[in-house]
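Here the structure is laid out as structure tokens; the discussion comes afterwards.
So you know, we letter chains A, B, ... as the sequences are listed, proteins then strands, and number each from 1. Just so you know, these numbers use all the heavy atoms, side chains as well, and skip hydrogens, waters and symmetry mates. What you see is a predicted model, and the numbers here were worked out from it, not measured in a lab.
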Amino acid sequence: MTAFWLVKSEPSKYAFSDLERDGHTTWDGVRNAQAANYLRAMRLDDLAFYYHSREELAVVGVAVVTRKSFPDPTDPTGRFSAVELSPKQRFEHPVTLGEMRANTALAGMVMFRQFRLSVTPVTSAEWNVILAMSRGDGG
DNA sequence: GCCAACGTTGGC
DNA sequence: GCCAACGTTGGC
């Protein structure tokens with residue numbers, strides 16, 4: 001069963017366009033225990049919304065997990081994990097944080113409750129709502 | 001750029 | 001094991 005996630009990145013550091021250019025990337029450097037637990041739960045073919053934090057504040061596309069979690073090569077302690085992500089789809093219409101906040105179907109999203117986590121789970125219902133919003137048909 | 005939220009660290 | 005200080009994140 002495919003699981004759904006939301007990953008955050010500052011576009012000035014690594015934007016969705018960078019992922020599209022590179023074809024795939026190692027999603028490493030996560031140093032928060034809770035976010036690391038979510039990373040470890042990711043499986044091949046899981047899908048993740050790609051959210052631009054700080055500068056754009058919108059989900060701009062979808063990435064797919066192309067390698068399940070493995071020890072983060074940038075973590076000398078071996079405590080943290082990484083996955084590999086590849087671009088799957090760029091949204092026709094980015095879904096902004098404001099639009100997500102305004103949609104009551106998304107009120108329970110983990111990203112609102114723990115806004116600093118760089119990796120959060122998304123329910124299948126939330127996933128479908130945001131996908132619909134990205135197509136402009138109202139969610 | 002500021003600062004609130006909140007996880008982590010370290011002195012005791 | 002408590003908790004103040006510190007560092008990081010991300011909305012504004």
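Side-chain polar atoms of A:E92 and A:S134 form no donor-acceptor pair below 3.5 angstrom.
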A:W27 and A:Y50: CA distance, side-chain angles, deciding distance, ring pair (Phe, Tyr, Trp, His ring centres under 6.0 Å) verdict: CA-CA 12 Å; A:W27 205 258; A:Y50 200 102; 5.5 Å; yes

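Following rounding to the nearest Å, A:L97 (CG) and C:dG11 (P) show an atom-to-atom distance of 6 Å. Whole-Å rounding puts the A:L117 CG to C:dT9 P distance at 12 Å. Residue A:K13 contributes atom NZ, which lies 9 Å from atom C1' of C:dT9 at whole-angstrom precision. One interatomic measurement links the two molecules: CD of A:E56 to C1' of C:dG11, which rounds to 14 Å at whole-angstrom precision. Look at CE on A:M111: it is 16 Å from P on C:dT9, rounded to the nearest Å. If you take CZ of A:R116 and C1' of B:dA4, they are 10 Å apart, rounded to a whole angstrom. The nearest whole Å value for the distance from the CG atom in A:N32 to the P atom in C:dC6 is 21 Å. Following rounding to the nearest Å, A:E55 (CD) and C:dG10 (C1') show an atom-to-atom distance of 11 Å.
OP1 and OP2 of C:dT9 both lie 4.0 Å or more from every side-chain N or O belonging to A:K8. Contact annotation: A:R31 does not reach the phosphate of B:dC6 (side-chain N/O to OP1 or OP2, under 4.0 Å).
A salt bridge between A:D72 and A:R31 is present, with a side-chain N of the basic residue lying under 4.0 Å from a carboxylate O of the acidic one.
For A:A33, counting side-chain heavy atoms from C-beta on, the closest listed nucleotide (C:dG11, C:dT8, B:dT8) is B:dT8.
The aromatic rings of A:F91 and A:F49 stand perpendicular to each other, their planes meeting at an angle above 60°, with 30° marking the opposite boundary.
A:Y51 comes within 4.0 angstrom of sugar-phosphate atoms only, judged by non-hydrogen atoms across all strands, and of no base.
The residue among A:R54 and A:Q114 whose nearest nucleotide of DNA chain B is located toward the 5' end is A:R54.
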